[in-house]
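What follows is a set of notes on a single structure, which appears directly below.
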Amino acid sequence: MEFDPSQPNAGRIYDYLLGGSHNFAVDRMAAERLVQMIPTIENGARLNRWFLDIAVNRLADLGFNRYLDLASGLPTQGYIHEIRPDALVLYNDYDQATVAYAREIIGNNPRVIYHQANIAELESILAQAEQHFAGERKLAICMIGVSYFLNDQVLSQTLQRLYEWCAPGSQIAISWIALPENPNPKLQELLARYSAMGSPIYARTVEQIKQFIAPWTLLEPGFQRLSEWNEIDGTWVIDGDRQEGDEQSDMYGTFMIKG
Amino acid sequence: MTTSTDIYSVVRETLRANSLHNAGTLPPPRLHTIAMQIGQFLLDEQPTSATLMGRMLFQQGIGLKSLLAVVGAVQADYLRHGEQLRAIESYELLKVVIESFVEHQIAHVRSEHDRFRQTVGLLQRSLG
(Lines give C-alpha, C1' and ligand atoms only; values in the text may rest on other atoms or scores of the structure.)
Protein backbone atom coordinates (compact mmCIF):
# COMPACT_ATOMS: atom_id res chain seq x y z
CA MET A 1 0.00 0.00 0.00
CA GLU A 2 1.32 3.45 -0.88
CA PHE A 3 1.73 6.24 1.62
CA ASP A 4 -0.97 8.82 0.92
CA PRO A 5 -1.38 11.52 3.59
CA SER A 6 -4.39 12.93 1.76
CA GLN A 7 -6.44 9.83 2.60
CA PRO A 8 -7.60 8.88 6.10
CA ASN A 9 -5.86 5.87 7.55
CA ALA A 10 -7.42 3.49 10.10
CA GLY A 11 -4.23 3.34 12.21
CA ARG A 12 -3.87 7.12 12.47
CA ILE A 13 -7.59 7.49 13.18
CA TYR A 14 -7.15 5.00 16.00
CA ASP A 15 -4.24 7.03 17.36
CA TYR A 16 -6.41 10.16 17.30
CA LEU A 17 -9.24 8.35 19.11
CA LEU A 18 -6.71 7.42 21.79
CA GLY A 19 -5.68 11.06 22.18
CA GLY A 20 -2.42 10.70 20.22
CA SER A 21 -0.63 13.27 18.06
CA HIS A 22 0.40 11.01 15.19
CA ASN A 23 -2.31 11.87 12.71
CA PHE A 24 -3.18 14.29 9.91
CA ALA A 25 -6.09 16.69 9.59
CA VAL A 26 -7.76 14.26 7.21
CA ASP A 27 -7.55 11.52 9.87
CA ARG A 28 -8.93 13.81 12.57
CA MET A 29 -11.85 14.83 10.36
CA ALA A 30 -12.63 11.20 9.57
CA ALA A 31 -12.37 10.32 13.25
CA GLU A 32 -14.72 13.13 14.24
CA ARG A 33 -17.27 11.89 11.71
CA LEU A 34 -17.08 8.45 13.31
CA VAL A 35 -17.48 9.98 16.77
CA GLN A 36 -20.55 11.87 15.58
CA MET A 37 -22.05 8.60 14.42
CA ILE A 38 -20.98 6.50 17.42
CA PRO A 39 -20.09 8.86 20.28
CA THR A 40 -18.66 6.05 22.39
CA ILE A 41 -16.20 4.84 19.75
CA GLU A 42 -13.37 6.56 21.67
CA ASN A 43 -14.26 4.48 24.70
CA GLY A 44 -13.84 1.34 22.65
CA ALA A 45 -10.36 2.42 21.54
CA ARG A 46 -9.33 3.06 25.14
CA LEU A 47 -10.76 -0.23 26.41
CA ASN A 48 -8.80 -2.04 23.72
CA ARG A 49 -5.54 -0.30 24.62
CA TRP A 50 -6.10 -0.89 28.31
CA PHE A 51 -6.74 -4.57 27.60
CA LEU A 52 -3.35 -4.70 25.88
CA ASP A 53 -1.78 -3.39 29.08
CA ILE A 54 -3.64 -5.98 31.14
CA ALA A 55 -2.70 -8.75 28.70
CA VAL A 56 1.00 -7.89 28.58
CA ASN A 57 1.25 -7.72 32.36
CA ARG A 58 -0.73 -10.93 32.85
CA LEU A 59 1.51 -12.74 30.37
CA ALA A 60 4.64 -11.26 31.94
CA ASP A 61 3.50 -12.49 35.34
CA LEU A 62 3.36 -15.98 33.79
CA GLY A 63 6.99 -15.63 32.76
CA PHE A 64 6.62 -14.61 29.12
CA ASN A 65 9.34 -12.32 27.86
CA ARG A 66 8.84 -12.67 24.09
CA TYR A 67 5.91 -10.91 22.47
CA LEU A 68 4.67 -11.25 18.92
CA ASP A 69 2.20 -8.45 18.28
CA LEU A 70 0.13 -8.68 15.11
CA ALA A 71 -1.09 -5.70 13.05
CA SER A 72 0.38 -3.37 15.63
CA GLY A 73 -0.37 0.08 14.27
CA LEU A 74 1.49 2.92 15.95
CA PRO A 75 3.18 1.71 19.15
CA THR A 76 2.17 4.80 21.11
CA GLN A 77 -0.05 5.54 24.10
CA GLY A 78 1.31 2.68 26.17
CA TYR A 79 2.57 -0.13 23.99
CA ILE A 80 4.32 -3.41 24.72
CA HIS A 81 7.92 -2.20 24.73
CA GLU A 82 6.92 0.63 27.06
CA ILE A 83 4.97 -1.65 29.40
CA ARG A 84 7.76 -4.25 29.49
CA PRO A 85 11.05 -2.60 28.49
CA ASP A 86 12.95 -5.83 29.24
CA ALA A 87 10.95 -7.94 26.76
CA LEU A 88 11.81 -8.99 23.21
CA VAL A 89 9.06 -7.63 20.96
CA LEU A 90 8.23 -8.09 17.30
CA TYR A 91 5.67 -5.67 15.87
CA ASN A 92 4.31 -5.59 12.35
CA ASP A 93 1.98 -3.59 10.17
CA TYR A 94 1.20 -3.38 6.46
CA ASP A 95 1.23 0.42 6.23
CA GLN A 96 4.53 1.92 5.09
CA ALA A 97 4.04 5.25 6.89
CA THR A 98 3.03 3.51 10.11
CA VAL A 99 6.13 1.30 9.99
CA ALA A 100 8.46 4.22 9.23
CA TYR A 101 7.11 6.31 12.05
CA ALA A 102 6.95 3.39 14.46
CA ARG A 103 10.65 2.70 13.86
CA GLU A 104 11.34 6.34 14.63
CA ILE A 105 9.35 6.07 17.87
CA ILE A 106 11.13 2.88 18.94
CA GLY A 107 14.56 4.24 18.09
CA ASN A 108 17.71 2.20 18.41
CA ASN A 109 16.44 -0.64 20.57
CA PRO A 110 17.74 -4.09 19.61
CA ARG A 111 15.07 -5.79 21.73
CA VAL A 112 12.28 -4.38 19.55
CA ILE A 113 11.78 -4.91 15.82
CA TYR A 114 9.08 -3.43 13.61
CA HIS A 115 8.52 -5.54 10.49
CA GLN A 116 6.51 -4.37 7.49
CA ALA A 117 4.09 -7.10 6.47
CA ASN A 118 0.40 -7.70 6.09
CA ILE A 119 -1.00 -10.09 8.67
CA ALA A 120 -2.24 -12.18 5.75
CA GLU A 121 1.45 -12.72 4.87
CA LEU A 122 2.01 -14.59 8.10
CA GLU A 123 4.98 -16.63 6.85
CA SER A 124 7.01 -13.44 6.45
CA ILE A 125 6.16 -12.44 10.02
CA LEU A 126 6.97 -15.90 11.36
CA ALA A 127 10.32 -15.93 9.57
CA GLN A 128 11.14 -12.64 11.27
CA ALA A 129 9.95 -14.05 14.60
CA GLU A 130 12.20 -17.11 14.19
CA GLN A 131 15.15 -14.78 13.81
CA HIS A 132 14.27 -12.19 16.45
CA PHE A 133 13.38 -14.73 19.11
CA ALA A 134 16.43 -16.90 18.23
CA GLY A 135 14.33 -19.98 17.50
CA GLU A 136 12.36 -19.81 20.76
CA ARG A 137 8.73 -20.45 19.82
CA LYS A 138 7.03 -20.33 23.19
CA LEU A 139 5.60 -16.89 22.77
CA ALA A 140 3.05 -14.44 24.05
CA ILE A 141 1.01 -13.36 21.04
CA CYS A 142 -1.19 -10.27 20.99
CA MET A 143 -4.01 -9.59 18.54
CA ILE A 144 -5.64 -6.59 20.18
CA GLY A 145 -8.00 -4.52 18.05
CA VAL A 146 -7.30 -6.70 15.03
CA SER A 147 -9.66 -9.68 14.73
CA TYR A 148 -12.62 -7.70 13.41
CA PHE A 149 -10.55 -6.27 10.53
CA LEU A 150 -9.85 -9.80 9.24
CA ASN A 151 -12.27 -11.71 7.08
CA ASP A 152 -13.27 -15.21 8.14
CA GLN A 153 -10.72 -16.94 5.96
CA VAL A 154 -7.73 -14.84 7.04
CA LEU A 155 -8.73 -14.92 10.72
CA SER A 156 -9.18 -18.67 10.68
CA GLN A 157 -5.94 -19.32 8.77
CA THR A 158 -3.98 -16.94 11.00
CA LEU A 159 -5.09 -18.58 14.23
CA GLN A 160 -4.56 -22.07 12.79
CA ARG A 161 -1.08 -21.30 11.45
CA LEU A 162 -0.01 -19.60 14.67
CA TYR A 163 -1.13 -22.68 16.58
CA GLU A 164 0.88 -24.97 14.31
CA TRP A 165 3.98 -22.79 14.44
CA CYS A 166 4.34 -21.82 18.08
CA ALA A 167 5.46 -24.08 20.91
CA PRO A 168 3.12 -25.68 23.47
CA GLY A 169 2.44 -23.31 26.34
CA SER A 170 2.26 -20.28 24.05
CA GLN A 171 -0.62 -17.96 24.78
CA ILE A 172 -2.56 -15.54 22.65
CA ALA A 173 -4.57 -12.54 23.82
CA ILE A 174 -7.32 -11.37 21.45
CA SER A 175 -9.94 -8.67 21.58
CA TRP A 176 -13.16 -9.03 19.64
CA ILE A 177 -16.17 -6.97 18.66
CA ALA A 178 -19.49 -8.78 18.73
CA LEU A 179 -22.24 -7.21 16.68
CA PRO A 180 -25.80 -8.33 16.04
CA GLU A 181 -26.60 -10.22 12.85
CA ASN A 182 -28.67 -7.28 11.69
CA PRO A 183 -26.79 -4.14 12.80
CA ASN A 184 -28.86 -1.01 13.40
CA PRO A 185 -28.56 1.83 10.84
CA LYS A 186 -25.87 3.68 12.84
CA LEU A 187 -23.72 0.59 13.09
CA GLN A 188 -24.28 -0.12 9.41
CA GLU A 189 -23.07 3.38 8.58
CA LEU A 190 -20.00 2.90 10.75
CA LEU A 191 -19.22 -0.36 8.96
CA ALA A 192 -19.69 1.35 5.60
CA ARG A 193 -17.28 4.17 6.56
CA TYR A 194 -14.54 1.71 7.51
CA SER A 195 -15.14 -0.20 4.28
CA ALA A 196 -14.74 3.03 2.32
CA MET A 197 -11.34 3.56 4.01
CA GLY A 198 -10.23 0.11 2.86
CA SER A 199 -10.44 -1.34 6.38
CA PRO A 200 -13.77 -3.18 6.50
CA ILE A 201 -15.01 -4.37 9.88
CA TYR A 202 -16.37 -7.91 9.89
CA ALA A 203 -19.46 -8.07 12.08
CA ARG A 204 -19.78 -11.35 13.99
CA THR A 205 -22.01 -12.54 16.75
CA VAL A 206 -20.52 -14.01 19.93
CA GLU A 207 -21.47 -17.50 18.75
CA GLN A 208 -19.73 -16.96 15.42
CA ILE A 209 -16.61 -15.65 17.15
CA LYS A 210 -16.40 -18.74 19.36
CA GLN A 211 -16.05 -20.91 16.26
CA PHE A 212 -12.63 -19.38 15.56
CA ILE A 213 -11.05 -20.37 18.85
CA ALA A 214 -10.29 -24.06 18.14
CA PRO A 215 -7.66 -25.56 18.16
CA TRP A 216 -6.60 -23.07 20.86
CA THR A 217 -7.90 -23.69 24.39
CA LEU A 218 -9.81 -20.85 25.96
CA LEU A 219 -8.43 -19.85 29.39
CA GLU A 220 -10.29 -18.50 32.39
CA PRO A 221 -12.31 -16.34 32.68
CA GLY A 222 -13.34 -17.15 29.10
CA PHE A 223 -15.18 -14.59 27.03
CA GLN A 224 -15.14 -11.49 29.18
CA ARG A 225 -16.23 -7.98 28.23
CA LEU A 226 -13.45 -5.42 27.99
CA SER A 227 -15.35 -3.27 30.47
CA GLU A 228 -15.08 -6.13 32.97
CA TRP A 229 -11.37 -6.63 32.29
CA ASN A 230 -10.95 -2.93 32.96
CA GLU A 231 -13.13 -3.02 36.09
CA ILE A 232 -15.60 -0.52 34.66
CA ASP A 233 -19.26 -1.02 35.45
CA GLY A 234 -21.73 -2.12 32.88
CA THR A 235 -21.64 -2.95 29.20
CA TRP A 236 -22.08 0.59 28.10
CA VAL A 237 -19.21 0.79 25.64
CA ILE A 238 -21.63 1.07 22.80
CA ASP A 239 -24.71 1.30 24.98
CA GLY A 240 -25.25 4.91 24.04
CA ASP A 241 -25.80 3.76 20.50
CA ARG A 242 -27.66 0.60 21.35
CA GLN A 243 -31.03 -0.07 19.85
CA GLU A 244 -33.54 -2.81 20.36
CA GLY A 245 -32.13 -6.19 19.41
CA ASP A 246 -28.50 -5.12 19.87
CA GLU A 247 -28.06 -6.79 23.22
CA GLN A 248 -25.02 -8.77 22.12
CA SER A 249 -23.08 -5.73 20.87
CA ASP A 250 -19.94 -5.34 22.92
CA MET A 251 -16.20 -5.79 22.99
CA TYR A 252 -14.62 -8.87 24.52
CA GLY A 253 -11.16 -10.01 25.53
CA THR A 254 -9.91 -13.59 25.66
CA PHE A 255 -6.76 -15.51 26.47
CA MET A 256 -6.08 -18.80 24.74
CA ILE A 257 -3.28 -21.37 25.12
CA LYS A 258 -1.68 -24.04 23.01
CA GLY A 259 -1.87 -27.02 25.34
CA MET B 1 -13.08 16.99 59.62
CA THR B 2 -11.91 15.33 56.44
CA THR B 3 -9.63 12.34 57.09
CA SER B 4 -7.01 10.75 54.86
CA THR B 5 -9.45 7.92 54.17
CA ASP B 6 -12.14 10.41 53.10
CA ILE B 7 -9.92 12.33 50.75
CA TYR B 8 -8.51 9.14 49.24
CA SER B 9 -12.05 7.85 48.65
CA VAL B 10 -13.15 11.11 47.05
CA VAL B 11 -10.15 11.17 44.73
CA ARG B 12 -10.41 7.49 43.87
CA GLU B 13 -14.12 7.61 43.06
CA THR B 14 -13.69 10.76 40.98
CA LEU B 15 -10.82 9.24 39.04
CA ARG B 16 -12.80 6.06 38.43
CA ALA B 17 -15.86 7.99 37.27
CA ASN B 18 -13.66 9.87 34.79
CA SER B 19 -11.46 6.94 33.77
CA LEU B 20 -12.37 7.22 30.09
CA HIS B 21 -10.82 10.69 30.00
CA ASN B 22 -7.43 9.21 30.80
CA ALA B 23 -4.80 8.09 28.34
CA GLY B 24 -4.45 4.65 26.83
CA THR B 25 -1.46 4.20 29.12
CA LEU B 26 -3.57 4.21 32.27
CA PRO B 27 -5.97 1.27 32.74
CA PRO B 28 -8.60 1.88 35.45
CA PRO B 29 -7.28 -0.92 37.71
CA ARG B 30 -4.19 1.24 38.25
CA LEU B 31 -6.11 4.32 39.39
CA HIS B 32 -6.14 3.42 43.08
CA THR B 33 -2.36 3.91 43.28
CA ILE B 34 -2.65 7.37 41.76
CA ALA B 35 -5.55 8.21 44.07
CA MET B 36 -3.33 7.35 47.04
CA GLN B 37 -0.53 9.55 45.70
CA ILE B 38 -2.90 12.51 45.21
CA GLY B 39 -4.51 11.97 48.59
CA GLN B 40 -1.12 11.89 50.31
CA PHE B 41 -0.02 14.98 48.40
CA LEU B 42 -3.11 16.91 49.55
CA LEU B 43 -2.56 15.93 53.16
CA ASP B 44 1.16 16.74 53.09
CA GLU B 45 0.45 20.23 51.71
CA GLN B 46 3.98 20.67 50.36
CA PRO B 47 3.79 23.42 47.73
CA THR B 48 7.31 22.58 46.51
CA SER B 49 6.13 19.20 45.25
CA ALA B 50 3.12 20.56 43.34
CA THR B 51 5.09 21.01 40.12
CA LEU B 52 6.44 17.49 40.37
CA MET B 53 2.95 16.17 41.03
CA GLY B 54 1.66 17.89 37.86
CA ARG B 55 4.41 16.30 35.80
CA MET B 56 3.90 12.89 37.40
CA LEU B 57 0.15 12.92 36.75
CA PHE B 58 0.70 13.82 33.10
CA GLN B 59 3.31 11.11 32.67
CA GLN B 60 1.04 8.55 34.33
CA GLY B 61 -1.69 9.31 31.77
CA ILE B 62 -4.27 11.21 33.79
CA GLY B 63 -6.49 13.30 31.51
CA LEU B 64 -7.01 17.02 32.10
CA LYS B 65 -10.76 16.50 32.51
CA SER B 66 -10.08 13.89 35.20
CA LEU B 67 -7.73 16.23 37.01
CA LEU B 68 -10.21 19.11 36.91
CA ALA B 69 -12.92 16.78 38.19
CA VAL B 70 -10.65 15.84 41.13
CA VAL B 71 -10.11 19.52 41.94
CA GLY B 72 -13.87 20.12 41.98
CA ALA B 73 -14.59 17.03 44.06
CA VAL B 74 -11.93 17.83 46.65
CA GLN B 75 -13.20 21.40 47.03
CA ALA B 76 -16.76 20.17 47.39
CA ASP B 77 -15.73 17.64 50.02
CA TYR B 78 -13.84 20.17 52.14
CA LEU B 79 -16.72 22.65 51.93
CA ARG B 80 -19.22 19.92 52.83
CA HIS B 81 -17.21 19.35 56.02
CA GLY B 82 -17.08 23.11 56.74
CA GLU B 83 -13.34 23.33 56.10
CA GLN B 84 -13.23 26.54 54.08
CA LEU B 85 -9.57 27.27 54.82
CA ARG B 86 -8.44 23.82 53.64
CA ALA B 87 -10.61 24.23 50.56
CA ILE B 88 -8.78 27.46 49.69
CA GLU B 89 -5.34 26.02 50.49
CA SER B 90 -5.91 22.89 48.47
CA TYR B 91 -7.22 24.95 45.57
CA GLU B 92 -4.02 27.04 45.54
CA LEU B 93 -1.97 23.86 45.66
CA LEU B 94 -3.92 22.13 42.90
CA LYS B 95 -3.73 25.23 40.73
CA VAL B 96 0.04 24.80 40.62
CA VAL B 97 -0.42 21.11 39.84
CA ILE B 98 -2.70 21.94 36.91
CA GLU B 99 -0.33 24.60 35.56
CA SER B 100 2.55 22.14 35.65
CA PHE B 101 0.38 19.42 34.10
CA VAL B 102 -0.67 21.64 31.21
CA GLU B 103 2.89 22.88 30.59
CA HIS B 104 4.11 19.30 30.25
CA GLN B 105 1.15 18.37 28.09
CA ILE B 106 1.77 21.24 25.67
CA ALA B 107 5.49 20.49 25.49
CA HIS B 108 4.77 16.83 24.83
CA VAL B 109 2.24 17.50 22.06
CA ARG B 110 4.59 20.00 20.36
CA SER B 111 7.45 17.55 20.51
CA GLU B 112 5.31 14.72 19.13
CA HIS B 113 3.99 16.90 16.30
CA ASP B 114 7.53 17.96 15.37
CA ARG B 115 8.74 14.37 15.30
CA PHE B 116 5.72 13.29 13.28
CA ARG B 117 6.23 16.05 10.71
CA GLN B 118 9.93 15.25 10.40
CA THR B 119 9.28 11.56 9.85
CA VAL B 120 6.53 12.21 7.34
CA GLY B 121 8.84 14.62 5.49
CA LEU B 122 11.59 12.00 5.35
CA LEU B 123 9.13 9.40 4.15
CA GLN B 124 7.75 11.64 1.42
CA ARG B 125 11.25 12.47 0.19
CA SER B 126 12.29 8.82 0.18
CA LEU B 127 9.26 7.99 -1.94
CA GLY B 128 10.18 10.73 -4.39
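Order of the sequence lines sets the chain letters (A, B, ...), proteins ahead of strands, with each chain counted from 1.
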Ser147(A) side, atom OG; Ile119(A) side, atom CD1 - distance, nearest 0.5 Å: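 These two atoms lie 9.5 Å from each other.
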To the nearest 0.5 Å, tell me how far Arg80(B) CZ sits from Gln75(B) CD.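 The CZ atom of Arg80(B) sits 11.5 Å away from the CD atom of Gln75(B).
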Can you say whether the rings of Phe24(A) and Phe116(B) are parallel (under 30°), tilted (30 to 60°) or perpendicular (over 60°)?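 Plane angle between 30° and 60°, so tilted.
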Parallel, tilted or perpendicular: ring planes of Phe51(A) versus Trp229(A), cut at 30 and 60 degrees: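 Taking Trp229(A) first and then Phe51(A), their aromatic rings sit tilted (interplane angle of 30° to 60°).
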Using a heavy-atom distance cut-off of less than 4.5 Å, which residues of residues 88-96 of chain B contact chain A?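 Heavy-atom contacts from residues 88-96 of chain B to chain A are absent.
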Checking side-chain polar atoms at under 3.5 Å, does Arg84(A) have a donor or acceptor matched by the opposite partner on Asn57(A)?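 Yes, Asn57(A) and Arg84(A) have a side-chain donor paired with an acceptor closer than 3.5 Å.
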Scan side-chain atoms only and decide if Asn18(B) and Asn22(B) contain a donor-acceptor pair under the 3.5 Å cut-off. no
At a heavy-atom separation under 4.5 Å, does Arg117(B) approach chain A through its side chain, its backbone, both, or neither?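 Contact with chain A: none, neither part.
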For the pair Arg103(A) (side chain) and Tyr114(A) (backbone), establish whether a donor and an acceptor sit closer than 3.5 Å, ignoring hydrogens and angles. yes
Highest number of heavy-atom pairs under 4.5 Å with chain B among Arg49(A), His22(A), Glu82(A) belongs to His22(A)
Does any heavy atom of chain B fall under 4.5 Å from the side chain of Asn48(A), the backbone, both, or neither of them? neither
Region of Ile105(A) that comes under 4.5 Å of a non-hydrogen atom in chain B: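 Interface part for Ile105(A): both.
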Arg58(A) charged N/C atom sitting above Phe255(A) aromatic ring, 6.0 Å / 45°: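 Yes, cation above the ring, under 6.0 Å and within 45°.
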Residue, of Arg115(B), His113(B), Gln118(B), that accumulates the most heavy atom pairs under 4.5 Å with chain A: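 Winner by heavy-atom pair count: Arg115(B).
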